[in-house]
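See below for the structure under consideration.
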Amino acid sequence: MPELPEVETVCRGLDQAMTSRKIISVDQNRPNLRFPFPKNFPGRLAGRKIERVTRRAKYILVELDAGLTLLMHLGMSGRFEILTDDKSHKPGSFHQKIAAGQKGVNGFGKHAHVVFYLDEGTKIVYSDPRRFGFMDLVKTKERDSHPNLKVLGVEPLGNEMNADYIREHFRGKQTSLKAILLNQKIIAGIGNIYACEALFRAGLSPARKAASLALKSTKAKERAENLAIEIRSVLTDAIQAGGSSLRDFANVEGDLGYFQHTFQAYDQEGEACKRPGCYGVIKRIVQNNRSTFFCPSCQK
DNA sequence: AAGCGAACCTGGCTGC
DNA sequence: TGCAGCCAGGTTCGCT
């Protein structure tokens, strides 16, 4: 279930567990996820030292020595678990769950497609039932020209994402606000949940035409300003919630980044609107083949 | 040419 | 209990 805040939390957890460590070996248990793994993937990683783990939109970047970067995406169902010697045999731990009958070919579960073995006994397990994620290797210097990164728009938490940027890039667009927020070429990293939540916070209808925020009126400028503010606030709040609900960014079982959210609109169909003073009911509609949740009373 | 729907894949839930 | 149908948080591709 990874959107930007989850990816950010996973990155922080991986950074903590991996930085300054050495990759001893890598198990790769199938030829592909969404795309084929690069040629000799385990061989090219073995012996590399990890320098840091960062994020671009929903992509995880593991910077290695020798000018190499491991690029990863979690897709819809990708997750990481960190196993260390001291917690790998606690009751309820991953090992215990596996022992209960979910053991796959490599001993880490049916969908554990990649295992990174680090020095000092740490194992990083990547599982991904739907296999929409992927991993690739790229020269660090050429990172930004990777086909998946070069097309991305601005970071939603960066300074470039502001009302002026929104107005400039929404100008003339006949698509809906909901659809344009999901367009990674404009703002990179907003997914279905936080698109709904940002529009709820901004009091803007998901069906409103994107172009309407670029008009000359004071009202249009206000709407763009609000949207920029609320995109930032909803993502920041979610990252904070993730960081504070996870000890060292991982729960006791070593699962990274999957904290409990409370959403105001997303998945709240039929619930009373949570905006103070609003007596609307959250509605679900489908836009561009995706569920949208919003309050028809206060989102205009 | 922008914008939409389909496709990629598995698992979990709902309702008959 | 079984099974069909629907739904899922991402991204790219191809058609109109």
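The figures that follow rest on heavy atoms only: side chains count, while hydrogens, waters and symmetry mates do not. Naming convention: chains lettered A, B, ... in sequence-line order (proteins, then strands); numbering from 1 in each chain.
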Are the side chains of [X] and [Y] in touch, meaning some heavy atoms are under 4.5 Å apart?
| X | Y | value |
| --- | --- | --- |
| A:P2 | A:V10 | no |
| A:R223 | A:S212 | no |
| A:L33 | A:Y126 | yes |
| A:Q28 | A:R30 | no |

Could you state the [atom1]-[atom2] distance from [X] to [N], rounded to the nearest angstrom?
| X | N | atom1 | atom2 | answer |
| --- | --- | --- | --- | --- |
| A:F263 | C:dA8 | CZ | C1' | 13 Å |
| A:I193 | C:dG9 | CD1 | P | 7 Å |
| A:R79 | C:dG9 | CZ | C1' | 14 Å |
| A:M135 | C:dG10 | CE | P | 18 Å |
| A:L33 | C:dG10 | CG | P | 17 Å |
| A:E3 | C:dA8 | CD | C1' | 12 Å |
| A:L74 | C:dA8 | CG | C1' | 15 Å |

Checklist entry - If the P atom of B:dC9 is compared with that of C:dG14, how far apart are they to the nearest Å? => result 16 Å
Checklist entry - Taking the P atom of each, how far is B:dA1 from C:dT11, in whole Å? => result 25 Å
Checklist entry - What does A:N289 touch in the nucleic acid at a heavy-atom separation under 4.0 angstrom: a base, only the sugar-phosphate, or nothing? => result base
Checklist outcome for this item: Result for salt bridge (Lys or Arg N to Asp or Glu O under 4.0 Å) between A:E63 and one of A:R56, A:R52, A:K141 points to A:R52
Gap separating the [atom1] atom of [X] from the [atom2] atom of [Y], nearest 0.5 angstrom:
| X | Y | atom1 | atom2 | result |
| --- | --- | --- | --- | --- |
| A:K139 | A:L68 | NZ | CG | 9.5 Å |
| A:L227 | A:N162 | CG | CG | 11.5 Å |
| A:F134 | A:L74 | CZ | CG | 10.5 Å |

Checklist entry - According to the interplanar angle, ranging from 0 to 90°, do the rings of A:F263 and A:Y266 count as parallel (below 30°), tilted (30 to 60°) or perpendicular (above 60°)? => result perpendicular
Checklist entry - How would nucleotides 7-15 of chain B be written as a contact map, 5' to 3', with B for base contact, S for sugar-phosphate-only contact and - for no contact, using protein heavy atoms under 4.0 Å? => result -BBBS----
Select one nucleotide: of [options], the one nearest the side-chain heavy atoms of [X].
| X | options | result |
| --- | --- | --- |
| A:N192 | C:dG9, C:dT11, B:dG3 | C:dG9 |
| A:A179 | C:dT12, B:dC4, C:dG9 | B:dC4 |
| A:T175 | C:dG10, B:dG3, C:dT12 | B:dG3 |

Item to check | Pair pattern of DNA chain B in dot-bracket, where unpaired bases get dots and | marks partners in another strand, Watson-Crick or G-U under 3.5 angstrom | outcome: .|||||||.|||||||
Check the phosphate of [N] against [X], side-chain N and O only, distance under 4.0 Å to OP1 or OP2. Yes or no?
| X | N | result |
| --- | --- | --- |
| A:H73 | C:dT11 | yes |
| A:R290 | B:dG5 | no |
| A:Y194 | C:dG9 | no |
| A:S291 | C:dA8 | yes |
| A:K173 | B:dA2 | no |

Checklist entry - Considering only heavy atoms, which members of residues 181-191 of chain A lie under 4.0 Å from some atom of DNA chain C? => result A:Q184, A:G191
Next on the checklist: Would a single hydrophobic cluster contain both A:M18 and A:Y59, if residues Ile, Leu, Val, Met, Phe, Trp and Tyr are joined by side-chain heavy-atom contacts under 4.5 Å?
Outcome noted: no
Checklist entry - Are A:V62 and A:L71 in one and the same hydrophobic cluster, where Ile, Leu, Val, Met, Phe, Trp and Tyr link if side-chain heavy atoms are under 4.5 Å apart? => result no
Item to check | A:E225 and A:K221 ion-paired at < 4.0 Å | outcome: no
